[in-house]
Amino acid sequence: MKKLPTVSRADAALQRHLALSRRQFLRGVGVTLALPLFESAIPGTLRAASATAAAGGPMATTASGAPLRMAFVYFPNGAHQDNWWPAGEGSAFQLGKTMEPVAPLKSSLQVLGGLDHQNAKAGNDGAGDHARANATFLTGARARKTDSADIQVGVSVDQVVAQKMGHLTRFSSLELSCDAVRKSGRCDSGYSCAYQYNISWHSASVPMAPEPNPRLVFERLFGSGKGAERQANFKLRQSTQKSLLDFVMSDARSLQSNLGAHDRAKLDEYLTGVREIEQRIQRAESFGDLPDPQAEAPTGIPTDYGEHMDIMYDLLAMAFETDSTRVATLLLAGDGSNKAYPQIGIPEGHHYCSHHRNDPDLVGKIARIDRYYMDHFARVLKRLDEKKDIDGRSVLHNSMIVYGCGNSDGNRHTHDNLPILLAGTGGGTLNSGRYVKAGGRPMSDLFLSMTDRMGVKGVERIGDSSGVLKGV
Amino acid sequence: MLSPRAPARLSAVRTILVGMAAGAVAWAAEPGATVVNFRKNIEPLLKKYCYDCHADGVSKGKVSFDTFSSDAELVGRHDLWFAALKNVRAGIMPPLEDGAERPSAAEVAQLTHWIKYEAFGLNPSAPDPGRVTVRRLNRTEYRNTINDLMGVEFNSDSEFPPDDTGNGFDNIGDVLTVSPLLLEKYLQAAEFIVDRAVPKVAKIMTETTATGREFRGAGGAGGGGAGKGGGGSGAPLLITRPAKVSRAFHVDQAETYKITAELEVRGSFDFDPGRGTVICRVDGVEWFREAIAWSEKKTLSHVKDMTWSAGSHTVAFEIVPDGAKEGSTEKAAEVTGPNGTATRVDVRIVSVQVKGPLDPKHWTAPANYARFFPDGPAPADAAGRARYAAKLLGAFAARAYRRPVDAAHVAKLVEIARGTYTQPGRTFEEGIGRAMMGVLASPRFLFRIEAPLAGSAPVADVDDYTLASRLSYFLWSTMPDDELIRLASRGELRRELRPQVARMLADPKAQSLVKNFIGQWLQVRDIESVPINARAVLGPSARRNRDGRIEFDGPMRRAMRSETEMCFDHILKEDRSVLELLESNYTFLNQQLATHYGIPDVTGDQMRLVQLPPGSPRGGVLTQGSVLAVTSNPTRTSPVKRGLFVLDNILGTPPPPPPPDVPALEDAAKAFKGREPKLSEMLAVHRANKLCSSCHERMDPLGLAFENFNAMGIWRDKESQQTIEVAGQLVTGEKFASVSELKHILTHERHLDYYRCITEKLLTYGLGRGLDHRDTESVDQIVDRLEREGGKMSALLFGVIDSTPFQKLRRVNPSVTSIVSESPTVTQVSTKVSP
């Protein structure tokens with residue numbers, strides 16, 4: 001097997017582990033790795049691009065007519081500061097130790113410093129930095145401190161975009177998670193667990209629950225069953241659902257009229273879901289047959305966490321490559337996660353290690369955990385970089401992928417100078433290959449500059465944004 | 001909501017409110033009187049006990065009583081008084097200090113009374129039921145409800161995304177959101193479940209399928225020819241060994257049947273020269289024979305229509321290796337492969353299927369048919385079919401919605417059914433199935449829609465159907481059964497409440513209460529996934545474990561979970577005191593767990609009641625492996641987490657969360673000059689820091705009391721070669737020298753705190769909402785009942801069930817008397833659908 005460049009300097013245990021999980025993975029979904037671009041993706045894409053052009057300005061489309069995608073990946077508990085930040089600035093910079101795995105793609109990414117989330121800070125709300133780190137990450141908004149009643153934060157950037165341009169693809173957005181097991185009892189310091197396990201918010205009060213099961217993600221994107229069955233199963237399912245939607249819609253409406261405000265809001269959530277499915281079914285016909293990802297469906301949630309990350313990353317990549325969606329989020333683990341990493345020889349919990357109090361042993365472990373996450377991220381970037389898009393550029397070139405955390409220094413729970421890596425060139429609109437110091441701007445400003453590139457007009461504010469972040 | 005920042009307007013608004021809500025959520029005293037009483041009776045108490053820290057420019061914990069613009073504003077600060085009430089009752093405030101005077105019992109009572117009945121304006125004879133948001137079924141409830149309604153297992157844990165939790169539980173209406181993804185899943189699930197459960201035709205050909213395992217005889221690999229096969233496809237019959245296996249099939253009719261035999265030939269990874277023949281005979285007459293040689297994986301399939309007499313018929317297989325004699329069972333000469341290993345070509349019987357009689361006149365109703373079509377196949381005429389559809393769907397929907405449905409709704413369901421079954425090639429049953437999908441996707445099924453009894457009072461009893469659902473989801477985590485619904489339909493459920501609750505608790509479904517309540521309250525759900533690294537926890541002693549295992553393995557974790565669940569179940573079933581959850585001379589163990597605890601004379605895997613030896617530190621959940629492990633870090637104990645656990649889940653007085661910017665401890669750690677400090681020394685540093693000490697003085701001594709138990713719950717005398725000091729003191733002054741003494745304090749001096757805590761937890765779980773200051777009266781009434789009845793579990797359980805929030809609700813819109821059915825109901829809910 002070809003050796004991954006990403007593990008060249010990793011320790012032996014990690015190498016063995018990666019080699020193993022890669023082998024296992026190849027037996028599962030990964031056979032797509034070396035295949036050419038799926039032809040089936042092309043018609044949909046072209047049609048979508050021309051459709052938007054007719055509607056008065058292309059959305060989510062590059063200058064060369066290829067789809068433009070955005071994704072957000074969340075890793076937990078902040079980053080080892082010294083190893084994260086590069087030396088130098090601008091295009092003359094050297095990647096830190098954590099980012100060594102992505103060094104081969106240095107020219108396709110930007111390290112962004114000086115982006116802050118004021119609303120993740122304590123303010124008058126006291127403790128709960130982990131919950132806030134998660135809740136604020138893509139919303140830029142302050143989460144209302146409540147254990148259950150009246151949950152509220154803000155619409156996340158991915159949903160702002162998805163709600164405007166979701167009609168261009170089969171799925172308006174994709175929400176994924178590698179955090180399948182929930183802890184019982186309370187979450188962080190009086191914040192509902194909803195804040196800690198969701199980064200994508202459909203409205204200020206309704207999170208987009210992410211899907212942790214790779215099999216279900218696959219079946220949702222590409223149909224269930226094997227090969228040719230998928231198309232037939234998909235059609236059958238759509239016709240069944242179509243026949244039920246009118247009924248449940250009128251049923252929900254008739255119930256709603258007699259309910260109190262809070263209950264009405266719950267039924268509203270239900271009705272929103274019904275309408276989205278209805279629209280998707282209406283659109284489906286114009287997209288033609290389901291894309292064939294040329295891969296077997298994965299079986300379920302792998303026991304090895306690294307393997308779980310790889311599969312989810314691959315599903316995200318497949319969704320982009322087949323133009324099934326142009327907006328995705330992936331929560332690797334909720335902030336405050338105390339996951340242990342025995343596969344890289346770290347039996348202690350992540351959260352425990354992150355409060356290292358400068359203890360060299362724990363600091364070293366945090367560095368290795370950060371690196372472990374980066375190794376897996378590097379793997380999907382490599383895949384996207386090798387995959388040709390319809391304009392001849394790579395899928396990575398035509399993407400904007402934010403990899404980051406809402407906590408900067410896990411030891412101290414800071415929310416300034418967040419660790420943010422922006423991968424991809426945004427179809428040529430991003431000035432990649434640099435280390436950019438934004439100098440204390442809201443992270444939400446980056447969101448505005450991304451919605452701008454996605455061609456979504458009329459978004460004046462996201463969370464605490466102050467204006468479009470220039471110079472990225 | 002009224003803003004507390006608008007005091008001037010506030011009192012005016014209040015006066016109006018009081019007028020409007022008279023009789024319902026009544027203010028016990030006029031706002032004016034409340035302020036007067038505050039000045040007269042309460043302010044002097046505050047001056048005497050609180051002002052040192054919470055007035056005159058001092059605002060410890062960001063609380064000061066003298067910075068409000070008016071008394072009315074101060075009196076209206078419910079959050080402040082709610083905290084004060086909790087802290088004063090738990091003895092946390094005023095803090096215990098040498099020489100400082102403590103408020104007398106009478107003074108505490110006076111303050112408590114004023115806060116509850118004046119500041120909060122609660123009416124003890126008519127507590128506020130509060131507002132509960134309509135709850136959607138969570139994953140567990142959905143799975144159980146589907147199981148009861150449809151008779152099929154649906155693995156909602158893997159098919160649906162995890163539910164969000166709030167207030168420590170996963171059944172809280174406010175956080176059980178419905179994302180578009182989840183709705184999509186509900187639609188798919190409805191389709192999948194109906195497809196599995198509901199027959200699509202009225203009659204089917206009988207078929208019997210026997211797997212390879214069911215073939216018995218002589219020879220073969222396992223000697224018996226069956227047994228240790230892989231994955232249900234039967235035992236391998238090695239091609240080198242003679243074998244004969246057979247199975248008898250019984251048929252009732254002398255008719256024609258279709259027989260299908262499926263075999264699989266599987267070679268090992270390496271090529272193997274073994275060869276032989278497999279012969280299949282039916283009633284001694286040869287049906288087919290196949291020459292078998294090495295093949296990686298090959299399926300052989302034979303189908304034949306045979307006319308059988310009524311009675312028993314035998315299908316037999318024989319393996320004849322090359323060189324052996326047909327009919328002989330003598331072992332042939334061992335054939336060896338090129339590298340000298342024994343040959344590994346094997347034949348497996350995958351299955352033999354007997355289908356028939358083929359003549360449709362003998363076909364019978366499919367399994368489950370009577371469950372969904374109790375009156376048999378549909379009549380032929382269109383009107384009769386529509387009538388039958390209405391009857392079936394009306395009964396099904398009523399059962400699924402846990403309440404009657406109106407005729408208009410049933411008519412819509414019949415329309416869906418007809419839209420399908422009138423199409424060519426589609427059956428009546430398929431149409432009914434399609435409408436049933438609609439029922440399973442309906443918000444009436446997915447949400448628990450509640451309604452008050454008819455009338456116009458702003459606070460009213462819930463109707464009997466709502467009560468039935470509240471009871472069944474509380475005690476069973478599933479839908480009400482036929483008996484509850486029957487009583488509800490007659491309006492007799494309230495009268496029969498006690499015997500019904502007793503019946504429900506005796507039902508195995510009550511395990512859901514144990515698992516879901518205990519699992520979340522005491523976090524024992526997490527024991528199976530908490531990352532504990534046995535090698536790191538045990539250190540050098542790891543190897544000493546029997547048979548060299550140092551894993552903290554699945555069976556051990558499950559035994560721990562069972563121990564805690566069985567203790568709760570025992571107290572529930574025998575109606576013992578809830579104090580025994582904290583302190584008892586018994587527990588539930590099997591051999592593995594008993595060995596783990598160092599308790600002798602327990603053998604076998606079965607968990608059973610064990611009397612503990614005198615002086616044992618076990619007994620009570622706090623020293624059970626489950627709680628000790630879930631409050632630990634992966635490699636070591638965490639006294640802070642354990643202390644917090646006791647405060648949060650036993651005493652009900654969680655400390656405020658840590659300040660957002662925890663000061664670094666590294667400077668303090670330098671004091672040890674390179675020496676590895678003991679954990680207790682590290683924590684002492686913690687407590688020496690002013691910012692930390694006020695809370696850590698409460699948490700740490702409680703947590704350190706458990707230091708004799710490592711992160712896996714094993715007893716230890718030393719930690720890192722240093723002796724363990726467990727003696728400590730509660731913030732309320734009680735001193736203890738051992739963990740047993742601490743448990744004793746919790747069940748004696750502090751037992752009221754524990755009663756209040758467990759009441760709040762169970763009430764939260766039972767209501768599906770967080771509690772607030774308006775629930776104080778309901779909680780207090782249950783605590784009083786527990787105290788009167790010696791802590792009996794029944795006092796707690798019925799306390800919750802009889803409480804105002806459980807029995808009543810606020811009417812949303814008094815002009816609407818019934819939420820669900822405005823047209824007359826056509827369907828008797830009690831129509832039995834189950835087989």
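Just so we're on the same page: letters track the sequence lines, and every chain starts at 1. From a predicted model like this one, the values you see are computed outputs, not experimental measurements.
Listed by first and then second residue, the salt bridge (Lys or Arg N to Asp or Glu O under 4.0 Å) pairs involving residues 187-197 of chain A amount to none (not counting sequence neighbours).
Residues that satisfy the side chain to side chain contact (heavy atoms under 4.5 Å, CB included) test with A:Asn213, not counting sequence neighbours, are A:Glu211, A:Arg215, A:Leu216, A:Ile301, B:Ser158.
Heavy atoms of A:Glu348 lying under 4.5 Å from chain B belong to its backbone as well as its side chain. For B:Lys62, no part lies under 4.5 angstrom from a heavy atom of chain A. Contacts of A:Ser203 with chain B are absent, with no heavy-atom separation under 4.5 Å from either backbone or side chain. Of the atoms belonging to B:Arg131, it is side-chain heavy atoms, and not backbone ones, that fall under 4.5 Å from chain A. There is no contact between B:Val630 and chain A, counting heavy-atom distances below 4.5 Å. Proximity to chain B (any heavy atom under 4.5 Å) is restricted, for A:Asn198, to the side chain, taken from C-beta onward. Using a 4.5 Å cut-off between heavy atoms, A:Pro207 contacts chain B through both its backbone and its side chain. Proximity to chain A is absent for every atom of B:Asp772, based on heavy atoms less than 4.5 angstrom apart. Neither the backbone nor the side chain of B:Val530 comes within less than 4.5 Å of any heavy atom of chain A.
Donor-acceptor pairing under 3.5 Å is lacking for the side chains of A:Ser148 and B:Arg769.
Between A:Leu267 and B:Pro443 the shortest side-chain heavy-atom distance falls below 4.5 Å. No side-chain heavy atom of A:Lys339 sits under 4.5 Å from any side-chain heavy atom of B:Pro531. Residues B:Ser179 and A:His202 fail the side-chain proximity criterion, which asks for heavy atoms closer than 4.5 Å.
Between A:Thr240 and B:Glu191, the shortest heavy-atom contact is OG1-OE2, 3.9 Å. Between B:Asp174 and A:His262, the shortest heavy-atom contact is OD1-CD2, 4.4 Å. Nearest heavy-atom pair across A:Ala180 and B:Pro162 is O-CG, 3.7 Å.
Checking B:Asp164, B:Asp163, B:Thr165 one by one against A:Tyr197, the side-chain contact (heavy atoms from CB on, under 4.5 Å) holds for a single residue, B:Asp164.
Distance check, rounded to the nearest 0.5 Å: OH of A:Tyr352 to OG of B:Ser638 gives 9.0 Å. Remark: B:Met437 CE to A:Leu244 CG distance equals 7.0 Å, nearest 0.5 Å.
The aromatic rings of A:Tyr270 and B:Phe447 stand perpendicular to each other, their planes meeting at an angle above 60°, with 30° marking the opposite boundary.
Highest contact tally toward chain B, considering only A:Asp263, A:Ile277, A:Val248, is held by A:Asp263 [criterion: heavy-atom pairs under 4.5 Å]. Counting heavy-atom pairs under 4.5 Å between each of B:Pro161, B:Ala441, B:Gly770 and chain A puts B:Ala441 at the top.
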query = What do the steps show when you test A:Ser254 against B:Arg444 for side chain to side chain contact (heavy atoms under 4.5 Å, CB included), and what is the final call?
reply = CA-CA 11 Å; A:Ser254 73; B:Arg444 293 172 205 262; 3.2 Å; yes

